[in-house]
Structures are given as C-alpha cells and as structure tokens.
Protein chains: 2
Amino acid sequence: MINLSPREKRQQRTHQAILDAARKIISTKGISGLSMRGLARVIEYSPAALYEYFGSKEEIIQAVVEQGFERFTGYLDRVDKTLPAAEYLTELGMAYINFAVQNPDFFLLMFTTAPLADVHGELSDEADETDQLKADASFSILLRGVERSIAEGITKTGANYGAFEIAYTLWVHVHGMAMLQVTNLRHISHDFDQINRLSLHILFEGLAAQ
Amino acid sequence: MINLSPREKRQQRTHQAILDAARKIISTKGISGLSMRGLARVIEYSPAALYEYFGSKEEIIQAVVEQGFERFTGYLDRVDKTLPAAEYLTELGMAYINFAVQNPDFFLLMFTTAPLADVHGELSDEADETDQLKADASFSILLRGVERSIAEGITKTGANYGAFEIAYTLWVHVHGMAMLQVTNLRHISHDFDQINRLSLHILFEGLAAQ
DNA sequence: TACAATACTGAACATTGTTCAGAAAATTAA
DNA sequence: TTAATTTTCTGAACAATGTTCAGTATTGTA
C-alpha cells in the first residue's frame, strides 16, 4: 500500500487532480457550473480522458462528496477536546456551521447527494439501521462528546433517551442552523453567530433538565 | 381581477397545467428528471410552446417552488390552533416534517432553490434584513404560535431573546429534522416520529427553563 | 528492439435548453 | 360574413452537454 510504482503514482495524481479541480469548480460556480468539458480544460486533458479515471460525471461528484466528508470530519476533529464538555459541544456545533458557511455550495452538495447504490441493508431487516449512523465518522465524534457530557453531568439521560438520542438532538439542531444559513438565510446580511450560540445554549438547558 | 376573458382563462389554465405537470414530474422523478421535452409531452404541447408561458426552465422551477411554499404554508396553517401552545408547536413541527417526508424531492428543491434575483435590500443597508423573515408567511405562523406560548408561560423570554429568537430556535431544530429525514436518513428504514417528538420535547424544556 | 498495456485525442452521437420563422387558431374590425 | 390582427403553437435548427469509440501516442515489459 505504501510503495507505488511510478505509473500508479501518476494515476493517483491525475485521479486527485480531477477531484480537486471538480471541487474548486463546484465551490466557485456551484454544481450546475460543473461540466466535463470545463473540468477537462482545467486539468488540460480532453473530455474523453476523464473516463479513463471515472466511469461518469456522477462518479466524480460522488468521489468529491466522499472526500468532502473526510475533510469535514477532519475539520470537526480539530476542535479542542480538552474543553469542558458543554463548551466542546458548542464549539463543535459552531465548527459544523462554519464549515457550511465557508463552503456553501459544496456543503449543500454533500448533504443533498444520495450515496450511489449503497450496500446498506446487508445485515438488513432485523438489525436496526441506525447502526449506520453510529458507524458514521463525524457522528461518532459528536457521540463521544455527548458521552463525555453525560459523564460530566452536563446532560442527563432517561429511560427514553441515552447518548444516541441526545446526539441526534444536537445534530438536527446544528444541521438545521447550518442548512438554513446556506439556503434560506444565505443572502441575508446578518451575523447569525450570536443567535446560533444562544440557540444552542437554550437546547443545552433542555438537555440538562431532569 | 375576478372576471376573466375566455382567453385569459385559457392562459391561466395552461399556465397552471404546466406547473402541475412540472411538480408531478419533480415529485416522482426528482428535479433531474424534469426536462422541457418531457414536460411538453405530458401537457401535449411542443417544447417551444412552453416559452409562450415561461421565459425559461428556471422560471418554471421558480414558479413551482413558489406555489410549493404556498401549499406548505397552507399545510402548516391547518394545524389545530385551539391546542395548548406547547402541543400546538409540537404538532406544527411534526406537520413541517411530515410535509417534507411525504414530498422529499419537492421539499428538497424548495429549500435549496435560491430565489431568482430577489429585490431584497431595497430598504437595505440600515434596516435589519431579518425583517424579511418576519414577513415570511410560514415563519409568521410559527411566530404567532410562539407568542401564544409566551403568553401561556410555556416559554420564557429574557433580555437576550424574545419571540423571534425562540421561533428561530424552533425553526432550525425542526428544519434540521426534516432536512436530515429527506437526505441523510432517507433510506434508513426506521420510524423517526418518536425520537423527533422526544427531541422537540427536550428543546421545550430548555425554552421553559429560566 | 519488439510487444503489450496504458493513457490519451478527435470525431461522432444522442439529449438537453432555447430560438425563430412561419403556420394555425382565435379575436377584433369592417 | 369577410378581412386584418393578435395570440398560440409547431418544426426545424442551434449550441452545449454527457458519453462512446476507433485509433494514436506513450509507457512499461520481455
């Protein structure tokens, strides 16, 4: 895995160059601004050459989204884990929103692109498919933060809800803020940082209540 | 306005037939399944005829989204207003999510389509543009519910936050649930109703806390 | 140096949104 | 009713898109 032949190195470089160019185009001109011909022009290949590396435009987009989630997870993972749980979760949420606001079109694409022909349902029927969530890298970061907040007594659990339910609650709240910031509220010139923090604070009070 | 000439009636009928057909196509085949030729075939016109009624495909989509928001507002408005504020706001939120789940592609389009060349900013610079929100029909429904909840003592206000901030908090939370249901969690066979209600309940505890 | 695999190009195809000259239909004027 | 005019619609065409494919370079191996 570590040692690559010169050919494989070239392949990987081109593969990545295509994805980088695609990501940049999407970030600047939106997903509708991405064309195979334009993409080919940027990396100085003919349009047909792209099909040596990817089966279709859809596959390219899928790969860009996949790498996007990796960068996203990395971004969230960079939040200082030595912070007290309450602050940590707040900053985690703000990082989530920040990522969205700084790459609005890209974020939008990530969260509106359905995974291509996922092989989920392999363990299927019986098993609760929310397991998929728990396996998700960025959700796991949140989940660990929540578990710590429970240990620190910041959030209370009950018969109905444990760490998973609390994490879900935080997720939807933050995701809603991020999403609205990037769609409905996008062109409203107003700084939402303060109200977002306040809003999160209110939610934490609910999570702390018995 | 009420009396229309036969010609105007025909125009309006065709106009609406186009939008209805477009909405149906989007609901069944997604936005990428909408083509001018396919749309024309459904209403039994030639593709070029569509341009007699709309300037472009983009304008058609815009109009479909606009009517979508009207239907959406109507849907929310149908929630029983005689319910106690807490229950009312809960049911309002669940209706929001229901609308999304029942028309996933359509909902997605509505909340990811940027309004075309909006004339906002006309009162501009000085005025806080969050006023746009307060003018929004569906947000107003929520706002009135929140004001009632304040009157009933269900939610507390503070120096930092009044009805607007509380409404925003509820909105992002519910919107996050709806959005995730329609994107990330779409193909997970799991009933989220229970956890969504629970999640909302937790938020209300925060809103009730001092 | 010859052979084989890989990487790429150019030209073509079907499909898309859109335009436009003109035919058909509906409305108005005579 | 007829003639003129306006509205409504069609067919053919255009440029741009994603994709394919035969064939040509380029690279790697014997």
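Lettering of chains follows the sequences in order, A, B, ..., and the numbering in each one begins at 1.
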Step-by-step salt bridge (Lys or Arg N to Asp or Glu O under 4.0 Å) determination, B:Arg78 to B:Glu91: CA-CA 10 Å; B:Arg78 244 167 264 133; B:Glu91 294 313 316; over 6 Å; no
Measure [atom1]/[X] against [atom2]/[N] and give the value in whole Å, please.
X: B:Ile43; N: D:dC9; atom1: CD1; atom2: P; answer: 8 Å
X: A:Ile18; N: C:dC8; atom1: CD1; atom2: C1'; answer: 12 Å
X: B:His15; N: D:dT8; atom1: NE2; atom2: C1'; answer: 16 Å
X: A:Glu44; N: C:dT9; atom1: CD; atom2: P; answer: 10 Å
X: A:Leu34; N: D:dT17; atom1: CG; atom2: P; answer: 11 Å
X: A:Ile61; N: D:dG18; atom1: CD1; atom2: P; answer: 9 Å
X: B:Tyr51; N: D:dA13; atom1: OH; atom2: C1'; answer: 14 Å
X: B:Glu52; N: C:dT19; atom1: CD; atom2: P; answer: 12 Å

Position toward the 5' end of DNA chain D (nearest nucleotide), A:Met36 or A:Ala48: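 By nearest-heavy-atom nucleotide position, the 5'-most residue is A:Met36.
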Pairwise 5' ranking along DNA chain D for B:Tyr45 and A:Arg10, keeping only the more 5' one: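 Residue closer to the 5' terminus by nearest nucleotide: B:Tyr45.
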Hey, does [X] reach any base, or is it just sugar-phosphate, or nothing, if we go heavy atoms under 4.0 Å?
X: B:Tyr53; answer: sugar-phosphate
X: B:Leu50; answer: nothing
X: A:Ser35; answer: sugar-phosphate

Under 4.0 angstrom between B:Arg37 side-chain N/O and C:dA14 OP1 or OP2: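 Indeed not, no polar side-chain atom of B:Arg37 lies that close.
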Distance below 4.0 Å between A:Gln11 side-chain N/O and C:dT6 OP1 or OP2: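 Negative; the distance criterion is not met.
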Ion pair check, B:Arg71 and B:Asp77, cut-off under 4.0 Å: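 Salt bridge between B:Arg71 and B:Asp77, a charged N being under 4.0 Å from a carboxylate O: no.
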Donor-acceptor side-chain pairing of B:Asn160 and A:Gln194 below 3.5 angstrom: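 There is no such pair between these side chains.
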Side-chain heavy atoms of A:Arg186 within contact of A:Leu180, under 4.5 Å: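 No - every pair of side-chain heavy atoms lies 4.5 Å or more apart.
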Check: B:Tyr168 ring centroid to B:Phe164 ring centroid under 6.0 Å: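 Judged by ring-centre distance (under 6.0 Å), B:Tyr168 and B:Phe164 do not meet the cut-off.
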